[in-house]
Amino acid sequence: MSLLMTMINLVLLLSIFILFVQVFPEEAALRPNVVNVGAIFSFDTINGKVAKVAMKAAEDDINSDPSILGGRKLFVALHDSNYSSFLSFIGALQFMETDTVAIIGPQSSVMAHVLSHLANELHVPLLSFTALDPGLSPLQYPFFVQTAPNDEFQMIAIAEMVSYFGWAEVIAVFSDDNQNRNGIIMLDDQLAERRCRISYKATLPPDPMAKRSDVLRELAKIQMMESRVIVLNTFSKTGLLVFEVAKSLGMMEKGYVWIASTWLSTVLDSTSPLKPETANSIRGALTLRPHTADSKRKRDFISRWNQLSNGSIGLNPYGLFAYDTVWMIARAVKLLFDQGGNISFSNDERLISLTGMDLNLSALSIFDGGKQLLKNVIETKMTGLTGPVRFNQDRFLINPSYDIINTVETGYRQVGYWSNHSGLSIVPPETLYGKKPNRSSSNQHLDSVVWPGGETIKPRGWVFPNNGRELRIVVPNRVSYRDFVSVVNGTNKVQGYCIDVFLAAIKLMPYAVPYRFIPYGNGHENPSYYELVSKIAAGVFDGAVGDIAIVTDRTRIVDFTQPYIESGLVVVAPVKKISSNPWSFSRPFTPSMWAVTAAFFLIVGSVVWVLEHRINDEFRGSPRQQIVTILTFSFSTMFFSHRENTVSTLGRLVLIIWLFVVLIINSSYTASLTSILTVQQLSSPIKGIDTLISSSERIGFQIGSFAERYLTEELGIPKSRLVQLGSPEDYARALEKRQVAAVVDERSYVDLFLSDRCEFSIRGQEFSKRAWGFAFPRDSPLAIDMSTAILALSENGELQKIHDKWLSRSACSSEKSEDEAEQLDLQSFWGLFLICGIACVLALFVYSLLMFRQYRQHCPEELDSTSHNNSFSAHLRTCLSFIDGKVEKSKSSSKRKRDSMHSDV
């Protein structure tokens with residue numbers, strides 16, 4: 001019965017279909033039974049072989065489910081370009097002539113640039129998972145869609161790996177085609193953002209045309225260079241040839257670093273087992289593999305792979321992208337039908353006008369639904385074998401990521417991941433997508449790597465160039481202060497403090513450093529250090545050793561090591577010894593300080609007298625006695641020996657504050673006087689750099705020093721005031737003859753100058769903190785290693801020993817050349833005097849208010865008794881008499897309290 005019903009249904013469906021075709025012949029033609037899709041690949045390549053199997057598997061899976069295309073069949077037509085751009089172009093034309101709705105491919109970016117123009121005109125989408133050139137912009141090529149991560153992200157991953165391991169320079173080896181060349185350009189930009197760079201670009205003929213001689217020539221050049229980090233961006237045939245030649249040249253040994261792009265991971269995944277010589281030649285390299293999230297669908301497909309491929313080739317991620325690409329087209333076509341669209345083609349009027357030519361260009365037609373199909377592809381949201389498939393607004397696949405693989409003796413091992421979301425990590429990227437992005441260096445991690453030669457310690461990444469040339473280390477040929485650096489007359493030998501520090505640091509380097517010293521200067525005057533440093537930046541010299549100050553202008557063009565000696569600018573001026581005299585006791589204070597102090601003694605004495613006069617018998621008496629009381633009370637507080645007692649609260653408050661001020665003044669005076677009488681004092685009108693700036697005196701400086709530029713540019717001192725001096729003898733002569741008021745120079749030079757010239761002294765403090773270091777070209781790794789060595793010298797005491805050997809002097813100690821003890825001036829104590837003054841004013845104000853209140857209470861009685869004489873003079877005499885009057889209230893009150901206490905007892 002069921003069989004009969006099935007037969008009836010089939011007959012009905014067939015009848016309906018025949019009727020539809022007869023009534024609507026055009027609509028039936030627009031919905032063909034077969035959806036044609038083309039694929040252009042070189043099927044002899046690894047990715048071509050894998051893609052062929054994967055695309056056919058996708059075709060079978062789609063056709064096995066009638067719900068996908070509504071009973072229509074998807075047909076993927078394969079065209080083998082056989083490494084030929086011409087054959088790729090012919091294949092594309094053939095597909096365009098056969099009503100193809102989309103083309104998968106081409107395999108190379110070179111042809112993608114060409115065919116995209118054709119696709120733009122005929123509205124046929126191109127989808128490629130291998131032509132991943134960053135230069136294929138969707139703005140220029142709107143009908144070209146990359147269905148695998150763009151190579152831009154691969155280059156970002158490599159740049160972050162280089163930065164993570166701390167290498168500053170890399171060498172790029174690449175095939176000279178669009179994809180690999182543009183990839184290296186992108187890598188250069190990404191490295192620059194991380195203060196790294198490509199030091200050399202080795203170009204090879206496009207894959208697979210490179211010959212062994214081409215590779216040998218480039219690798220021989222690289223062997224002679226400094227960098228040992230090599231990035232190889234090419235395809236499998238050229239890449240394996242490069243590793244083979246590198247192995248024969250000894251470039252897969254200890255010290256080298258090789259980072260290969262994704263081509264190497266496809267070889268590892270799809271070619272198993274590798275030939276022993278191939279496995280041996282790539283051992284220790286790092287490579288990237290497009291990361292695809294683990295899923296049941298992916299595991300099921302992997303389990304089917306051997307059956308699908310008949311064991312001819314292993315599956316790699318590009319096979320998964322190929323499978324998903326076919327599904328993307330099928331879903332986009334289904335959506336096109338669901339949206340009421342159809343598959344139809346129309347003639348291009350521009351091509352019809354060319355029918356007189358032998359070429360059958362009129363067969364090329366425009367896909368009417370091409371724009372809608374392209375829109376459906378870009379808006380794809382599905383979960384494929386590679387994981388979630390979705391494009392962002394820039395038409396890149398979301399969340400691009402890579403596995404980082406290390407080739408080892410037994411095959412390969414995964415050492416981490418890179419994703420555009422979280423950078424380098426040791427956990428799968430999909431586990432981090434739900435967290436906030438954190439690309440800080442402390443959050444970047446990779447597992448340990450086995451490097452070429454079997455090393456597990458990270459290679460330094462550079463060596464000294466193997467071209468027989470020693471490092472050219474320039475040293476200033478000084479004519480003064482030769483203890484720091486000097487050239488031995490008649491020889492090429494250099495010596496001095498700076499040279500010994502450099503030699504000691506070289507011995508601590510973890511590798512041999514070939515070098516030779518080159519004197520710089522005419523030997524008659526000190527050279528210009530700015531010119532010397534500029535020649536390092538220009539590449540004339542490889543480094544500089546000497547008394548080179550680390551200043552801002554120089555750090556912009558060269559890199560300095562860790563400082564090995566501090567040396568700021570100081571002022572040197574003539575001084576004279578101050579001998580003792582009978583009036584030395586007055587030197588601690590300036591005249592203004594003495595005057596204000598004396599005035600406050602009198603002021604405080606007077607205020608206390610006012611506050612105590614009415615109630616304290618000790619502050620009463622004849623006018624003469626009261627004046628004497630004020631004077632004796634005031635000055636006796638200096639020694640805390642005043643005999644008079646204070647009774648009033650206000651008087652006691654003022655006295656307590658004043659005694660605190662006196663205590664501070666006494667202590668300061670005692671300390672200053674002790675210093676004056678026990679330490680040798682030197683006097684000079686120059687107190688420091690501020691004195692020189694405010695004056696118009698001439699200032700000396702050392703030829704070649706940065707002091708000249710600092711004085712003019714930073715401090716604004718006119719050049720007309722500056723005098724060049726070439727030697728310590730010139731310093732002394734100019735200072736003694738008053739040709740200059742002072743000399744400004746670095747502390748290290750000045751200490752040597754003053755070691756046997758006690759008639760001069762440093763005035764004031766260092767006003768510019770500077771230090772000396774060795775200079776090297778920008779981003780030179782030698783600067784970092786030398787800094788480490790200098791720190792080690794400082795920690796083990798060797799740096800101090802070298803200093804004592806060359807710079808220690810005993811003839812004139814620096815302590816005896818220090819500034820004279822400064823006199824204590826009013827500015828140091830005005831806060832104390834202000835507090836005391838405010839206390840006196842407030843006490844008098846409160847006392848006045850109290851007197852006014854008491855006087856008003858006393859005033860009516862006085863007015864009644866003196867009503868006959870109420871003139872102003874009378875009132876004034878009455879008021880003064882009231883203020884001067886003696887108050888017995890406090891004493892009688894105290895007496896009554898005492899009597900009351902006795903009676904209670």
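Atoms considered below: every heavy atom in the structure, side chains included; atoms not considered: hydrogens, waters and symmetry mates. Residue numbers run from 1 in the order of the sequence given.
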Is there a ring pair (Phe, Tyr, Trp, His ring centres under 6.0 Å) between Y402 and F153 once you walk through the steps? CA-CA 9 Å; Y402 294 89; F153 301 105; 8.1 Å; no
Value for CZ (F41) from NZ (K52), rounded to nearest 0.5 Å, stands at 12.5 Å
For R390 and T383, indicate whether the former's side chain and the latter's backbone hold a donor-acceptor pair under 3.5 Å. no
Going by heavy atoms in the side chains, are F776 and D542 under 4.5 Å from each other? no
Quick one: CZ on R289 to NE2 on H291, what's the gap to the nearest 0.5 Å? 9.5 Å
Distance-only donor-acceptor check, side chains W462 and E169, under 3.5 Å: no
Y141/H113 aromatic ring centres below 6.0 Å: yes
Regarding K201 and D188, does a basic nitrogen lie under 4.0 Å from an acidic carboxylate oxygen? yes
Identify the two heavy atoms, one from L268 and one from T407, that lie closest to each other, and give their separation to 0.1 Å. CD1-CG2, 3.7 Å
Is the W451 ring parallel, tilted or perpendicular to the F165 ring (thresholds 30°, 60°)? perpendicular
Does the pair K247 and E277 meet the rule for a salt bridge (charged side-chain N to carboxylate O under 4.0 Å, His left out), with working shown? CA-CA 10 Å; K247 179 68 175 177; E277 57 271 19; over 6 Å; no
Can you list the steps and then say if Y83 with F235 is a ring pair (Phe, Tyr, Trp, His ring centres under 6.0 Å)? CA-CA 12 Å; Y83 298 102; F235 298 114; 9.8 Å; no
About how many Å separate CG of L791 and CD of Q562, when rounded to the nearest 0.5 Å? 4.5 Å
Interatomic spacing from CZ in R194 to CE in M161 - rounded to 0.5 Å: 12.5 Å
Ignoring hydrogens, what is the shortest heavy-atom contact between L187 and I158? Give both atom names and the distance. CD1-CG2, 3.9 Å
Look only at the side chain of N233 and the backbone of F174, and say whether a donor-acceptor pair between them is shorter than 3.5 Å. no
